[in-house]
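All figures in this text were calculated on a predicted structure; none of them were measured in a lab. Computation of the quantities below employed the complete heavy-atom set of this structure, encompassing side-chain atoms and omitting hydrogens, waters and symmetry-equivalent molecules.
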Amino acid sequence: MTSNIGSPIGPIQLSATSPYLTSRTFAMRFTSTPRGARLARRLVAVRLDEWGVPYGSEAHEGVVLVAAELAANAVRHGHVPGRDFHLSLRVTDAPRPVARVEVSDTRAERLPLRHGHPGETDPAEGGRGLLLVGGLAQRWGWHPRPGAPGKTVWAECVLDRGTE
């Protein structure tokens, strides 16, 4: 498999006059299966390490866990037979290092809910993954998938490399 399938976005090196010194992007479609979710998690881990967020660091572990939860949710709650999910990882270095994980699936009627909102299920019955994402990410949310059925769930994690 190759990365950036169907996506014109690849690693980007920006000029020194840009507000962002560097931005790196990895994007790929995965089968909507537990195996696809595992592969997505592993490839996020590899990319982060290649981009200077080393294995075993708190930042690495947090982003990989967020990516794993979002991919697992896409498989479990966003699965439509015959349709893949799409994962994108973008790391920008300035003004401070941030990793943004986006996972898109094709199921529009099953939307993520924030715990504590009306109509939500009890976290004891499942659904603790987004509580975990909320605890690890500085921000997260979702939006309808542009130009296609479904939704994109995203999360942003600050990469505080100074404390690793």
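Alongside Val98, the hydrophobic cluster contains Val158 (criterion: ILVMFWY side chains under 4.5 Å). In the hydrophobic clustering (ILVMFWY side chains linked at under 4.5 Å, chained through shared members), Val80 stands by itself.
Applying the side-chain contact (heavy atoms from CB on, under 4.5 Å) test to Ala40 and every residue at least two apart in sequence or in another chain returns Phe30, Ala71, Phe85, Leu87. With sequence neighbours excluded, no residue forms a side-chain hydrogen bond (donor to acceptor under 3.5 Å, both in side chains) with Gln138. With sequence neighbours excluded, the residues satisfying side-chain contact (heavy atoms from CB on, under 4.5 Å) with Glu50 are Val46, Arg47. With sequence neighbours excluded, the residues forming a side-chain hydrogen bond (donor to acceptor under 3.5 Å, both in side chains) with Thr152 are Ser104, listed by chain and number. Under the rule for a side-chain hydrogen bond (donor to acceptor under 3.5 Å, both in side chains), the partners of Glu156 that lie at least two apart in sequence or sit in another chain are Arg100, Arg139.
Between the Asp105 side chain and the Ala74 main chain, no donor and acceptor come within less than 3.5 Å of each other. Counting only distance, with no hydrogens or angles, the side chain of His79 and the backbone of Ser32 share a donor-acceptor pair below 3.5 Å.
Atom CG of residue Asp84 and atom CE of residue Met28 lie 10.0 Å apart, to the nearest 0.5 angstrom. The distance from atom CG of Leu70 to atom CG of Leu130, rounded to the nearest 0.5 Å, is 7.0 Å. Between the CZ atom of Arg90 and the CH2 atom of Trp51 there is a distance of 10.0 Å, given to the nearest 0.5 Å. In this structure, CD in Glu69 is found 10.0 Å from CG in Leu131, a value given to the nearest 0.5 Å. The line from CZ of Arg83 to OG1 of Thr31 is 15.0 Å long, rounded to the nearest 0.5 Å. Once rounded to the nearest 0.5 Å, the distance linking NZ of Lys151 with NE2 of His77 reads 9.5 Å.
Nearest approach of Leu136 to Gly62, heavy atoms of both residues: CD1-O, 4.0 Å. In plain terms, the two heavy atoms of His60 and Ala45 that are nearest each other are NE2-O, 3.0 Å.
For residues 35-44, there are no salt bridge (Lys or Arg N to Asp or Glu O under 4.0 Å) pairs, not counting sequence neighbours.
The same ILVMFWY cluster, assembled from side-chain heavy atoms under 4.5 Å apart, contains both Leu111 and Val75.
Counting only heavy atoms from C-beta outward, the side chains of Val91 and Leu48 approach each other to under 4.5 Å. Residues Val153 and Asn73 fail the side-chain proximity criterion, which asks for heavy atoms closer than 4.5 Å. No side-chain heavy atom of Val66 sits under 4.5 Å from any side-chain heavy atom of Trp154. In this structure, Thr92 and Thr22 have side chains that are not in contact, with every pair of non-hydrogen atoms separated by 4.5 Å or more. A 4.5 Å side-chain heavy-atom check between Pro112 and Trp140 finds at least one atom pair inside the cut-off. The shortest side-chain heavy-atom distance between Leu132 and Leu65 falls under the 4.5 Å cut-off.
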- Carefully, step by step, assess Val101 and Val44 under the rule side-chain contact (heavy atoms from CB on, under 4.5 Å). CA-CA 9 Å; Val101 179; Val44 164; 5.5 Å; no
